[in-house]
Each structure stands twice: as C-alpha cells, then as structure tokens.
K.L.:
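Could you have a look at this structure, given as structure tokens, before my questions?
For reference, positions follow the sequence shown, starting with 1.
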Amino acid sequence: RRTVGALAAQLRPLETTLGFSKLPQLPLLGLYRLSSSSALTQVNQDKDNNPFLKYGSPSPVPQSFLPALGYVPEVKVTTLDNGLRVATSKTANADTAAVGVWIDAGSRFETAEDNGCAHFLEHMAFKGTAKRTARSLEKEIENMGGHLNAYTSREQTTYWARTMKKDTGKALDVIADILQNPKLDESAIEREKSVILREMEEVEKMPEEVLFDHLHATAFQSTSLGRTILGPASNVRGMTKDMLSNYIKTHYTAPRFVVSATGAVDHDEIVALSEKLFGNLPTGGGDTSQKYVDESPGHFTGSEVRFRDPDEKKLHFAIAVEGLPWTDADSIPLMLMQIILGGWSKSYGPDIASGGIHGSSRLAARVAENDLADSVGAFNTHYADTGLFGMTAVCDPANAQELAWTMMYEFGGLAYEVEPLDLERAKTALKAGQLMGADSICPLAEDIGRQLITYGRYMPRSELFARIDSVTTETIKEVANRVIYDQDIAVAAVGDTTLLPDYNWLRRRTFWLRY
C-alpha cells in the first residue's frame, strides 16, 4: 500500500516536467478541498502569480452592474382621468415596438359557475369585433408584418403586439377594439367550445402541464386560486354570450388596465392615443382586484394529491410550501433561494447559475452525478396575497425515494447553512437576468405591465439591485425558517407513485434533527 508521502514523491518529477512547480505549494490532499472557503481564500491570495487564476477565480466576485444601469431605458408612467395607467420605455435607435394591455383580471377572480371565462374570452378575442371580421383582423396584423398574441393566468390577462415603429398606433387600436367591442357571435361561441374541449383533452395527456393545476387544487383547495385557468369541461359546454359579457363589464375597468409600450415609442403619443382609445372605459367605481382578493383569500392547506398510474414510465411530482405575496419584503430573498437551489435537465442542461455535476447548485450536482432524475428544479410563484415555493421533478419511479430525500435535504437545509459564495452567484445571476430582460423590448413591456399591476408602481433597476445587495446569508436563513422550517407542504404527483414517500415522511424533512 502506497503512503501519501511516497505518492507525492512520485508526482514531483511530473510537476516539474509539466511546469507546475512554480504554482503555489498546496498540501496534496488539499486538492480535494478546493470547494471550501478556506482553500479558496488560500488560492486567491497568490492569484497574481498564478497563470490559472490571473484572469479568473473559482470564487464569485460581487457585481454591482452600476455602469450597465446607466443604459437601462427610463420608464415613464401617466395615469389618465379614468384611472387607466400608461407606461412607456423608449429604446434609442429602435425600429420596432412592443405594445399591449395588461389587465388585473384572471381565473382567480371568477366564480365557480363562470370559471373559464377569462380563457374563453382570450379565444373569442380573435373571432372578430363590431367593425372587424376575424379575417380582416388577421390580414390587418399580417399586412403590417406584426405579431399579435394573448395569454391568461390566474391573476392577469394580457393582449400584446410586436410591430414596426410606424404601426404602433394601429396595433394599439386593434387591441382596444378587441377588448372593448368583441363580437361574441353565438355560432362562434359554439364552435370555440369544441376547440377548447379538444385543448383540454390534449393538456390532460401531458403530466407536466397538469401537475401545477393539481398542486394548486390541493394547496389552495376550496379557494379561487385552486381552480384551473381553462375551467371544468361542464363550464366550457355551458358558456354563454351573457356570461362572457358580464365578465367584461365586471372586470374590464380602467383602474385595472395598464397600457405598456416599449421600443420605438414616444410617451406623449402613447398617452394621447390611449386617452382616445380607452377614454370611455368604465371606472367600475375605482375598484381593483383587491376587493376580490379580500372576499376570497388564498388559504394554503397542507395536503397532497396523487394520480397513481403504474403504466406510466415517468413519475412527475411537485413539493411546495406556502410562498409569499408580490409585495412581501422577503420576496427578493425568496427569488435568490430559488436560484441557490437551482435545477437541472437531461435535455436542456442546467438552469441559470446552477451548473451540472461540477456546478454551484448542490441539488443539481447530486441529481446529475447519481442520475436520479430526468429533470429537477425549484420554482417560486407569487400572488397578490400568497404564493407557492418549492421543487418539481421528473424521474424513473424506481428513483423516487432517493430523489425525494435529496430534494428535501437541500430544501430544508436552507434554514441551516448557506454558502456565501452560493449567495453571491445567485445575486449576480438575478441581476444579470434583469439586465438581459431589459435589452429585449417584449420582456421589458411585460415586466413594466406586471409590476404596475402587482406593486402599483414600477421599481427601478437601481432600487431592485439595492434590495438584492442587502440580502445576506443570515437573511436567507431567516426567510427559510419563516417559509420552510417545520411548515406544512403541498404535494402533487402523477405516475407510478408506489415508491414516492408518503406525506408525513416529506413533511418531517422540512427540518433537520440536530442536537
């Protein structure tokens, strides 16, 4: 058996031959401790003389991004007399623009009887208006070389367009017409029912699509947040013109509308155009969605739902605790916690700042190295008064227990230990992601519209970065103790759940036993 000294003696001639003899002298076994903070400090002390460390470092360097903040376009906001808000951000030398309407209305604000209305209206929006047929609507957008789209979420509905600079006004006119003067023809409604029912059938065949619906259904059971965006099939079959018209009258009011435009736009022109197109929009008594949130708050219930299918080759499951609202002071640390946990996928590789086997995310590294899953990742969803924070995974059913242990160990571990280097990487990743989004006019328009709805104002990047920089490892542990430590969880699983640990086993691992 070779001793460490004998092995070191054999390696020294090789070091001289390869030119490594001038490198800092580290203990031989120290090579296996390069990930520790003490070893990194020792290595960085001599980085000026080390050719491998002169231009890079194994430890992250704090990034302020202050020079880049000077190039982030200014956001201007104007509130019209009826309460509608107009926000623009002009990009220098841009030839295209993104313009849209963000509405503070979604499936959460529906009743059990009309659940699915918001999504149904999204389909009907492109079926014609009082002055435009469906065909002329499509041609008008195509003739200007633009792109028109819409989507519905639990708390927001969005209609937006991407056009050339000269067609921005035309695009906003089309969106205003769609929202205020939809035709809602009875025959078109009947045809669209079959389209949506087929869409629901296709979605039901994809576990990754329905998993979060199941998670919401069990986590927010008996509340409006637990309902699906598409609504039940019975509601779709029973949808009528009166139900759609009533939804528009109730929720499509000026204080709940935000017109957001970015790129080659002029603020004064967009304000004048918005006043012309949306000036007659009813105010609804000045009410916002907060009225409906207060009437039906999103109560979190620790529970689980499992759809066991032994014939499924893959197991899809999600584990979550109650998250935080948009306006909570700890929402920024929670975003950083999501990045620290990270994620990994066999198909697409690591999430941002996660890395693979040799990356910074311990969760991603353990899963990738031991081939425990096809994909795993953390998620963080905010709502007006609550949220969901957790992890989701896709794996072979045989790996369910080992994967669940690995996920819960890292999840609960945030309340006990957070590496300063991991936090620094997460800060850099979050700030870089924000700046990258500001470089593209469509994500920027969406960010502006969403922030005005959720925060009631637009948060400048400088303020956001200051909030990010103020987070410390102690902050992360405090937030983890508040959100994760010994808290109830919600679990949703689809597939062969035989080896997936039961609820009590998972709930027990929201904390570590330490003496």
K.L.:
So, for Leu388 and Ala219, which heavy atoms are closest and what is the spacing to 0.1 Å?
P.N.:
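So the minimum-distance heavy-atom pair works out to CD2-CB, 4.1 Å.
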
K.L.:
Please determine whether side chain to side chain contact (heavy atoms under 4.5 Å, CB included) holds for the pair Ile339 and Leu430, giving the CA-CA distance in whole Å, both sets of side-chain angles, and the decisive distance to 0.1 Å.
P.N.:
CA-CA 8 Å; Ile339 298 176; Leu430 183 55; 3.8 Å; yes

K.L.:
Taking Ala445's backbone N and O only, do any of them form a donor-acceptor pair with Ser260's side chain (distance below 3.5 Å, no angle check)?
P.N.:
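Judged by distance alone, yes, a pair lies under 3.5 Å.
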
K.L.:
Can the ring centroids of Tyr383 and Trp326 be said to lie less than 6.0 angstrom from one another?
P.N.:
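Judged by ring-centre distance (under 6.0 Å), Tyr383 and Trp326 do not meet the cut-off.
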
K.L.:
Among side-chain atoms of Thr498 and Asp496, is any donor-acceptor pair under 3.5 angstrom?
P.N.:
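Judged by distance alone, the side chains do pair up.
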
K.L.:
So that I can tick it off, tell me whether Lys193 and Glu190 are bridged by a salt bridge, with the cut-off set at under 4.0 angstrom between side-chain N and carboxylate O.
P.N.:
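Counted as a salt bridge, because a side-chain N and a carboxylate O are separated by less than 4.0 Å.
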
K.L.:
Between atom OG of Ser107 and atom CZ of Arg227, what is the distance when rounded to the nearest 0.5 Å?
P.N.:
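Here the rounded value is 9.0 Å.
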
K.L.:
For Ser331 and Asp328, test the side chains for any donor-to-acceptor distance below 3.5 angstrom and give the result as yes or no.
P.N.:
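There is no such pair (donor and acceptor under 3.5 Å, judged by atom type) between the side chains of Ser331 and Asp328.
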
K.L.:
Would you find a donor on one side and an acceptor on the other, under 3.5 Å apart, between the side chain of Lys477 and the backbone of Glu417?
P.N.:
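No, because the side chain of Lys477 does not come within donor-acceptor range (under 3.5 Å) of the backbone of Glu417.
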
K.L.:
Do Phe389 and Phe411 have ring centroids that are under 6.0 Å from one another?
P.N.:
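Yes - the distance between ring centres of Phe411 and Phe389 falls below the 6.0 Å cut-off.
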
K.L.:
Could you verify whether a donor N or O on one side chain and an acceptor N or O on the other, from Thr510 and Asp486, lie under 3.5 Å apart?
P.N.:
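Per modelled atom types, Thr510 and Asp486 side chains form no pair under 3.5 Å.
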
K.L.:
For salt bridge (charged side-chain N to carboxylate O under 4.0 Å, His left out), just list the numbers for Glu304 and Arg306, CA-CA rounded to whole Å, side-chain angles, deciding distance to a tenth of an Å, and then say yes or no.
P.N.:
CA-CA 7 Å; Glu304 70 172 353; Arg306 302 184 184 214; 2.9 Å; yes

K.L.:
Can you tell me how far the CD1 atom of Ile319 sits from the CZ atom of Arg507, to the nearest 0.5 Å?
P.N.:
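Atom-to-atom, Ile319:CD1 and Arg507:CZ are 13.0 Å apart.
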
K.L.:
Salt-bridge test for Arg482 and Asp330: reply yes if a basic N is under 4.0 Å from a carboxylate O, no otherwise.
P.N.:
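A salt bridge links Arg482 with Asp330.
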
K.L.:
If you round to the nearest 0.5 Å, how far is CG of Leu506 from CZ of Arg508?
P.N.:
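Here the interatomic distance stands at 11.5 Å.
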
K.L.:
For Thr223 and Ser296: C-alpha separation, side-chain torsions, deciding distance, then whether side chain to side chain donor-acceptor pair (under 3.5 Å) applies.
P.N.:
CA-CA 7 Å; Thr223 71; Ser296 180; 5.7 Å; no

K.L.:
Assert yes or no for the condition that the ring centre distance of Phe220 to His299 is strictly below 6.0 Å.
P.N.:
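Aromatic pair excluded; centres sit 6.0 Å or further apart.
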
K.L.:
Ignoring hydrogens and geometry beyond distance, is a side-chain donor-acceptor pair present between Thr152 and Glu122 at under 3.5 Å?
P.N.:
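Checked: Thr152/Glu122 side chains pair up, N/O donor to acceptor below 3.5 Å.
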
K.L.:
Supply the atom-to-atom distance Gln156 CD to Asp104 CG, rounded to the nearest 0.5 angstrom.
P.N.:
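So the CD of Gln156 and the CG of Asp104 are separated by 7.0 Å.
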
K.L.:
Salt bridge (charged side-chain N to carboxylate O under 4.0 Å, His left out), that's the test. Do Lys127 and Asp185 meet it? Break it down for me.
P.N.:
CA-CA 8 Å; Lys127 303 306 176 185; Asp185 183 71; over 6 Å; no

K.L.:
Per the salt bridge (charged side-chain N to carboxylate O under 4.0 Å, His left out) rule, which among Glu209, Glu208, Glu202 passes with Lys205?
P.N.:
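Exactly one option meets the salt bridge (charged side-chain N to carboxylate O under 4.0 Å, His left out) with Lys205, and it is Glu202.
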
K.L.:
Could you check whether Glu110 and Ser224, counting side-chain N and O atoms only, form a donor-acceptor pair closer than 3.5 Å?
P.N.:
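Note: Ser224 and Glu110 side chains miss the donor-acceptor criterion.
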
K.L.:
Verify whether one side chain among Glu446 and Thr158 offers a donor that lies under 3.5 Å from an acceptor in the other.
P.N.:
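Distance-only check fails for Glu446 and Thr158.
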
K.L.:
Show your working on salt bridge (charged side-chain N to carboxylate O under 4.0 Å, His left out) between Glu419 and Arg362 and close with a plain yes or no.
P.N.:
CA-CA 11 Å; Glu419 288 288 339; Arg362 291 181 298 185; 5.6 Å; no

K.L.:
Is the distance between the ring centroids of Tyr409 and Trp512 under 6.0 Å?
P.N.:
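Distance test on ring centres: under 6.0 Å, yes.
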
K.L.:
After noting the C-alpha distance and the side-chain angles of Ser303 and Gln221, does the key distance pass the side chain to side chain donor-acceptor pair (under 3.5 Å) rule?
P.N.:
CA-CA 9 Å; Ser303 55; Gln221 53 189 271; 3.1 Å; yes

K.L.:
Test your reading of the model: is there a side-chain donor-acceptor pair from Tyr247 to the backbone of Leu121, 3.5 Å cut-off?
P.N.:
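Judged by distance alone, no pair lies under 3.5 Å.
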
K.L.:
For the aromatic rings, using the six-membered ring if either is Trp, is the centroid distance between Phe379 and Phe212 under 6.0 Å?
P.N.:
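Yes, the ring of Phe379 comes within the 6.0 Å limit of the ring of Phe212, centre to centre.
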
K.L.:
Report the residues that fulfil side-chain hydrogen bond (donor to acceptor under 3.5 Å, both in side chains) with Thr228, sequence neighbours left out, ordered by chain and then residue number.
P.N.:
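Partners of Thr228 by the side-chain hydrogen bond (donor to acceptor under 3.5 Å, both in side chains) criterion come out as none, since no residue qualifies.
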
K.L.:
Is Ile189 close to Phe120 at the side-chain level, that is, under 4.5 Å between some pair of heavy atoms?
P.N.:
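The answer is yes; the side chains approach within 4.5 Å.
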
K.L.:
Can you tell me if CD on Glu424 sees more than 12 non-hydrogen neighbours from other groups inside 6.0 Å?
P.N.:
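It does: Glu424 CD has more than 12 such atoms within range.
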
K.L.:
About how many Å separate CD1 of Ile441 and OG1 of Thr262, when rounded to the nearest 0.5 Å?
P.N.:
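So the gap between those two atoms works out to 5.0 Å.
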
K.L.:
Out of curiosity, Arg461 CZ to Met459 CE, how far, rounded to the nearest 0.5 Å?
P.N.:
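Reported value, rounded in 0.5 Å steps: 10.0 Å.
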
K.L.:
Regarding Arg162 and the six-membered ring of Trp160, is the cationic atom NZ or CZ under 6.0 Å from the ring centre and inside 45° of its axis?
P.N.:
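The answer is no, since Arg162 fails at least one limit relative to Trp160.
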
